[in-house]
Structure formats: structure tokens, C-alpha cells
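Here, residue 1 is the first one in the sequence, and each next residue gets the next number. Note that ligands are numbered from 1 as they come in the structure, with each ligand's atoms numbered from 1 the same way.
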Amino acid sequence: MGSTKLDRARKYEKEETVKIPAEQRPVFHMSVPVGWMNDPNGFSVYQDEYHLFYQYNPYGTGWDSMHWGHVKTKDFVKWEYLPAALAPDEPYDEAGVFSGGAVEKDGKQVLIYTGVSEIDLPDGKKAVRQNQCVAVGDGIDYVKAEENPVITASQLPEGSSLEDFRDPKVWKEDGMYYAVVGSRAADGSGQIALFSSEDLKDWKFCSILDKCENRYGKMWECPDFFPLDEKQILLTSPQDMMAEGLEFHNGNGVIGLIGSYDREKYQFHREMVQSPDYGLDFYAPQTLGTADGRRIMIAWMKSWDMNLFPEGHRWNGMMTCPRELSVRDGRLCAVPVRELEEHYTDRTEYRGETLRGEMELEGIRGRVMDLSLDLDVSECSGLRILVAKDERFYTEISLDPENEILTFDRTWSGLRRDCVCRRSMKVRIREGKIRLRILLDRYSAEIFANDGENVMTSLILTPQTADRIVFDVKGSVQADIVKHGIR
Ligand code: FRU
């Protein structure tokens, strides 16, 4: 049974994607083939390859009529575009095929997503309904189940919202399937519901794993739940957050809840909450587990409140560089996937270099790189690293050693919109030393401090010709610097 909407999307993306020149795209980040992309969906292993789906509107550079786009990769760096996987073509999902997860079952790839529909209420008004649906496929083509929707909001505790119930993330554990789903409790704020199933079609409500209670934003979207280094992590993306110190910022944010999990009772015990990323453009992360035991996280590199994308381009949406997660000293840490190293090109290295005043280093220049800096700042009262710089533009990464604060500022990066440009995070300086790793791609900067203790991801839209890197030091810094180009 063919779907006219899906056929149309597949035909459109096939014809239009080839018209976008490769030089317009990032080099090592996954970008939408054409049109608009938001959340990563169904990030999972299927037949030994990593699959990634995403919220997708092929027809324009704005959010509309959600489909699922589809890519796969063997190394998290080079992505192969596959035909769009799902279109909003059934009564239960005609208002959108929203976010969800994927899992392998009996050789098939099963997608679980939120079907959004609009119903007529008895009083003549319209209302939105969000329910969870499945589609079964072979890695390319998917058939929506006759049983859809397979989880409805009526299964939630009394008083839960019927309209905000979305983004199932699914996994298999001890022969059972589980899914976490975001929803709104009777108090109007977020909660994460856990469901279980033997066959992915008949689902039972298990528990509410955690609740916002109006503390961290409102609705909790896009949950993920997994064990990591003796801890249990609950990731979720709250809407309507309010800034708290340097930890959380206003608007849509992401929180990582670290705790323990009692599997028998389906109870999560939260111990601490932190930002998995302090940057300007990071949302809706999802993870997968690799065969070699790593937990890899990818996120949408954008903020809902700031729709930045290169003007005039027909694609709007990128994912972050996938990251390996760990828990260290009670913190959720993230570093770029090691596979990135297989794509290194040139290498430039400085050992024991003294940075003083304003200076540039030969060979430390470019817009696509992995730059590692081991810095001794004990004799320094302020350090600025200006990247993507020319006579007119620059993006500033600055360190205030005394207060242990790292700040990213893209005010002078060439933006034409009046959007948030600056964000700071607390970092640790141990015995005068700090380690920074900066991933630059054509439109982004991802900063990892102290092997991923703190991470900061942001978009920059500076012309590609601005490729200088300038150090500006008050006092002096002893530095070991390694730069790798990336292909
Ligand atoms: C998060 C989100 C999800 C929803 C999707 C719709 O960015 O709002 O909750 O499923 O986007 O595209």
C-alpha cells in the first residue's frame, strides 16, 4: 500500500537535494538533505549500522507538516541519505509524525513515534491529541501498524494532559521492550512516563519516573533513559525554562538527571540535575548504545527561539557531532566520538608554547578542525581565543581564570538577527590548568572543557573566508596545542 504523501516527499527530496552544492554544507556534521529538520529520532543500531531519523519538512526551511527523514552511518561522521521514512498520512497522525525512537525486533526495524491528530469536541471546538504509534520496516520502507495508536494518553495517571503526550524513546531490556514518553501532569508541568511491552504493540503503563513539579520548565519533551557508569541517566528537554545562575538558560533547554534506578519497582531516584550542554544551540538529544559498550548522544544543533541558518540556503538543520557519554565525579560528561579521528587530515602541533599579548600561530587557522589546547593559566588573568576571524568578524571564546568562567560570544560573527549571542559556563581550573577542545565546522563551534566536564555548542554563520585564530592573553599562558583538519 503506497502513501501518496510519502511518495511525494521521496520524489521531492531526490530531485532537490542534488541541487544543493556540497560546499554549502558542514563537513562532518549531519545536515538535512533539503528543507527543515529538528529533533533526532530513532537513533539506534539496526543490522550493525547506526540509523538516525529526524523531524523533517522537506518542502521549506521552516517547521511544517512533520515527516521522518532518514540517514545511516557506519562511523557517526559520514552519513548516507536514505528516502524519507514516514509521512503524516493516517487519520491518527495527519497533524504530524512527531518524535520517537526505533528498535530492532526479529530482524525488522520498528519505529515508535507520536501521531498527532486534531479532533472535534462535542462543543464544536477542535482539540489536539497526541498518541504513540508504531511502524515496522526493513531499514528503508515502513508499514504503519493496524493497531495504531498503540499507547494513548488514557493510560496515563488521572489528570494528565491528552494534548501533550509525546516523543517515545524505546529500548529492549531482559527480553522486554520499554518506552519513556514525555507528558504533562495534572499540575500542568512535565512528567516522564514509563511503559512496557512484550511485542511493541500491547503496552502497559509502569510508572512515572520523574516529575517536573514546575521546577525545571514546563512540558518535558524528548526523554531518554539509560544506565551509564553505575548511574542511571534521564535526559529530557523542558520547554519554558527560566535561567538559574549559569546552569540553565531561558526558553527550551536540556537537563540531565543523574540518579539510580530500581528496576523491580520502576522507580528512578534523582540525585542531581545538570546541563548536558551550556551552548546556544542544543536541543532534544537522543542516545544509542554501541556494540563496544559506548553510549553515544546526538542532538539538534539549534534553539527553538533562534532560527539561525545560512541565508539563501535551501537546507535548515544540523545535528551536533555525536558524543561519547560518561559519568565522572558525579557529572555527565561528553566528548566527540573517537571515529572523528579517522577523518583527520593535516596536523599542526605546538608544545610548551608561551602565549602572550595578541598573537597567531602558524598553521593554527581554518574553519573545519579539531583543536586541542592544554593550557596552564596560572600566570594569566584573562584569555581570549578569537576564531572564524577576519578584519570584520570574529567569535570569542574567553576564559576568566580567577572566576573559572568560560564565555562564548558570537556578537561579532556576522549575524543579521537580534538574537542571544553570549553564554557562559563554570569550568574547573585544577592547579592552574585547563584543557579545551574546540570542534569547528563551517557553521558551528562545539567547546569541550576538561575532557567533556562542560560542553558548549553554538552556531556561527560567519563567511567561510574568516578563518584566522587569534590568541589574546593578559599575562602569559603555557600551551600545548594540537590542531587537526577534518575531512
Ligand atoms: C521537540 C518537539 C517534540 C515534537 C517535535 C515536533 O523539539 O517539540 O516534542 O515531537 O519537536 O516536531
Side-chain angles (χ1 to χ4, degrees), residues 9 32 35-43 52-70 84-88 92-102 111-118 128-135 149 151 153 160-170 179-184 189-193 212 216-225 234-241 251-255 276-277 280-287 297-309 316-320 457:
V32 64
W36 162 275
M37 167 173 88
N38 53 287
D39 314 352
N41 295 158
F43 189 39
L52 175 69
F53 303 81
Y54 49 90
Q55 289 288 282
Y56 183 33
N57 169 32
Y59 305 113
T61 51
W63 187 94
D64 204 351
S65 165
M66 279 296 111
H67 293 57
W68 270 34
H70 189 189
L86 299 171
Y92 54 76
D93 64 18
E94 64 193 356
V97 172
F98 276 18
S99 286
L111 314 182
I112 172 160
Y113 67 93
T114 300
V116 185
S117 56
E118 225 181 49
V128 169
R129 289 290 176 266
Q130 299 188 333
N131 294 306
Q132 317 323 317
C133 306
V134 297
I151 312 178
S160 300
S161 165
L162 304 176
E163 301 199 3
D164 287 308
F165 178 41
R166 58 181 177 269
D167 312 334
K169 172 78 197 313
V170 65
V180 278
V181 191
S183 113
R184 243 184 231 266
S189 77
Q191 61 182 2
I192 303 299
C212 171
Y216 299 102
K218 291 283 180 187
M219 170 65 186
W220 280 5
E221 306 187 310
C222 304
D224 198 347
F225 191 57
L234 178 61
L235 289 176
T236 185
S237 299
Q239 296 178 312
D240 308 307
M241 296 264 283
N252 287 56
V254 181
I255 55 175
D277 193 297
L280 294 154
D281 298 284
F282 182 91
Y283 198 64
Q286 256 197 10
T287 70
M297 174 178 75
I298 194 166
W300 180 39
M301 197 151 51
K302 175 96 86 194
S303 153
W304 274 116
D305 286 336
M306 290 176 290
N307 183 12
L308 296 185
F309 77 104
N316 179 7
M318 283 182 278
M319 296 296 172
T320 63
T457 299

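Both the backbone and the side chain of Ser99 come within 4.0 Å of ligand 1, judged by heavy-atom distances. Contacts between Thr114 and ligand 1 below 4.0 angstrom, taking non-hydrogen atoms only, are absent altogether.
Classified by interplanar angle (parallel below 30°, tilted 30° to 60°, perpendicular above 60°), the ring pair Phe53/Trp68 is tilted.
Nearest approach of Asn131 to Pro149, heavy atoms of both residues: CB-CB, 3.6 Å. Nearest heavy atom pair, residue Tyr283 against residue Lys302, reads CB-O, 3.8 Å.
Remark: the backbone N or O of Gly190 is not paired with any side-chain donor or acceptor of Gln239 at under 3.5 angstrom.
Residue Trp300 places every heavy atom at 4.0 Å or more from ligand 1.
Contact atoms of ligand 1 toward Trp304: 1 (C), 7 (O), 11 (O) (distance under 4.0 Å to a heavy atom of the residue). With ligand atoms numbered from 1 in the order given, ligand 1 contributes 12 (O) to contacts under 4.0 Å with heavy atoms of Met66. Near Gln55, meaning under 4.0 Å from any of its heavy atoms, are these atoms of ligand 1: 5 (C), 6 (C), 12 (O). Listed by number with element, the atoms of ligand 1 under 4.0 angstrom from any heavy atom of Tyr283 are 1 (C), 7 (O).
Between Asp39 and ligand 1, a contact under 3.5 Å exists for at least one N or O pair. At least one N or O atom of Asn38, backbone or side chain, sits closer than 3.5 Å to an N or O atom of ligand 1.
Taking a cutoff of 4.0 Å between a charged side-chain nitrogen and a carboxylate oxygen, Asp240 and Lys218 do not qualify as a salt bridge. A salt bridge is defined here as a Lys NZ or Arg NE, NH1 or NH2 lying under 4.0 Å from an Asp or Glu carboxylate O, and Asp167 with Lys169 fails to meet this definition.
With 3.5 Å as the limit, one finds no donor-acceptor pair spanning the side chains of Glu221 and Thr236. Side-chain contact of Ser99 with Asn41: a donor-acceptor pair under 3.5 Å is present, judged by distance alone.
Ranking the protein heavy atoms by distance from atom 8 (O) of ligand 1 puts Glu221 OE2, 2.9 Å first.
Atom 9 (O) of ligand 1 has its nearest heavy-atom neighbour, among Val116, Asn41, Asn252, Asp167, in Asp167.
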